[in-house]
Amino acid sequence: MTRVVIADDQALVRTGFTMILAAEGIEVVGHAATGAEAVAVTRRLRPDVVLMDIRMPEMDGLEATRRILADAPATAGGQPVRVVILTTFDLDQYVYAALAAGASGFLLKDVTPDHLIHAVRVVQDGDALLAPSITRRLVERFTRPDPSLHRDLESLTPRERQVLTLLAGGLSNLELAAALRLSEATVKTHVTRILTKLQLRDRVQAVVVAYETGLVTPSARRPG
């Protein structure tokens, strides 16, 4: 069973989301009304997914996310804890700040019940909630390449660097397979190895790293 912690300073939001998730067999194991509580509850309960509000007392959700993921926490099943940011503010800077903090996704609070459930299941499976093309737009706008980070890519093979470059351009696994004339299964293996070698949680983080290291630049065009 998927285990979730909901961090939001509004009791009505916590209650409403709990009811929606419980109706689909998703267990809400804890609540938090502040960022500090979110960090403490997550460390203690090790849920699969944390739904994290941005604006909370004591500590905002972005800082709470940074602190949670800096610990590299694992769920009871041994998988990385995933964080999905919740907010009423649909602003690019919030989205990018959430991604930079290590979040696996971003949702507005007026999300439909079906979308909320889908989001929890998607990130628990290790995927990202934002499409690569959206992530690329945000990263192009906010990221400043740091040449000193090039060494982070030294562990990648030439083929893995090629896959990462195309992935950062917004290509799906199917499109990657067609561009490289590989099977989709082989592409998935390459992506998994990239994430493992660079110690990344998902494809969104891989896109961010590709731009931060200068492997891909905002002026680079998607193939095709």
Side-chain angles (χ1 to χ4, degrees), residues 2-21 26 28-75 80-112 115-117 119-120 122-124 127-131 134-144 146 199-209 211-212:
T2 305
R3 302 169 70 252
V4 175
V5 161
I6 300 174
D8 194 290
D9 61 343
Q10 298 181 45
L12 186 59
V13 172
R14 298 196 302 270
T15 300
F17 280 8
T18 297
M19 293 175 64
I20 291 170
L21 296 174
I26 297 173
V28 177
V29 296
H31 291 135
T34 70
E37 288 179 7
V39 174
V41 169
T42 301
R43 287 172 174 169
R44 177 166 53 87
L45 299 177
R46 296 187 298 161
D48 299 296
V49 178
V50 180
L51 298 178
M52 180 79 74
D53 187 21
I54 285 184
R55 295 191 174 184
M56 290 187 289
E58 298 180 18
M59 179 192 302
D60 67 28
L62 298 178
E63 179 59 26
T65 297
R66 292 186 192 99
R67 295 192 184 191
I68 288 170
L69 298 179
D71 293 339
T75 68
V81 172
R82 312 283 180 177
V83 177
V84 175
I85 295 292
L86 298 168
T87 185
T88 54
F89 304 96
D90 186 12
L91 300 174
D92 280 357
Q93 58 264 40
Y94 281 124
V95 179
Y96 180 72
L99 300 181
S104 294
F106 184 95
L107 286 175
L108 296 180
K109 287 186 182 179
D110 61 0
V111 62
T112 65
H115 195 182
L116 176 65
I117 294 160
V120 169
V122 163
V123 298
Q124 185 196 7
D127 209 341
L129 197 55
L130 288 172
I134 296 174
T135 307
R136 181 182 59 169
R137 172 176 59 84
L138 295 168
V139 173
E140 286 180 351
R141 180 175 176 184
F142 292 102
T143 299
R144 294 181 179 178
D146 182 353
Q199 299 181 28
L200 304 173
R201 282 170 291 277
D202 51 44
R203 295 168 69 98
V204 167
Q205 295 297 302
V207 174
V208 172
V209 165
Y211 278 89
E212 286 182 339

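The structure presented is a predicted model; accordingly, all values stated were derived computationally and were not measured.
- Distance alone, capped at 3.5 Å, places no donor-acceptor pair between the R82 side chain and the Q124 backbone.
- Listed here is the closest heavy atom pair of L200 and A206: CD1-CA, 3.6 Å.
- Here the CE atom belonging to M56 is positioned 9.0 Å from the CD atom belonging to E37, to the nearest 0.5 angstrom.
- Note: F17 CZ to D53 CG = 9.0 Å, rounded to the nearest 0.5 Å.
- Note that CZ of R3 and CG of L21 are 13.5 Å apart. Values are rounded to the nearest 0.5 Å.
- Minimum interatomic distance between L107 and A119 (heavy atoms only, all atoms of both residues): CD1-CB, 3.6 Å.
- Contact record, R67 with R43: O-NH2, 4.0 Å, taken as the closest heavy-atom pair.
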Go through it in stages, so that I can follow the logic: the residues are V49 and I26, the test is side chain to side chain contact (heavy atoms under 4.5 Å, CB included), and I'd like the CA-CA distance, side-chain angles, deciding distance and then a yes or no.
CA-CA 10 Å; V49 178; I26 297 173; over 6 Å; no
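- Here the CG atom belonging to D9 is positioned 11.5 Å from the CG atom belonging to D60, to the nearest 0.5 angstrom.
- Taking each heavy atom of I85 and G61 in turn, the nearest pair found is CD1-O, 4.4 Å.
- Smallest separation of non-hydrogen atoms from A36 and E58: CB-OE1, 3.5 Å.
- Between F106 and V84 the shortest heavy-atom distance is N-CG1, 4.2 Å.
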Working note: V41 + V50, criterion side chain to side chain contact (heavy atoms under 4.5 Å, CB included); need CA distance, chi angles, decisive distance, verdict.
CA-CA 10 Å; V41 169; V50 180; over 6 Å; no
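- Atom CD of residue E63 and atom CD1 of residue I68 lie 10.5 Å apart, to the nearest 0.5 angstrom.
- Counting heavy atoms from C-beta on, the side chains of I117 and I20 come closer than 4.5 Å.
- Atom CD1 of I6 and atom CE of M52 lie 12.0 Å apart (nearest 0.5 Å).
- Side-chain contact between D71 and T42 is absent, with no heavy atoms from C-beta onward closer than 4.5 Å.
- Side-chain contact between V29 and V5 is present, with at least one heavy-atom pair separated by less than 4.5 Å.
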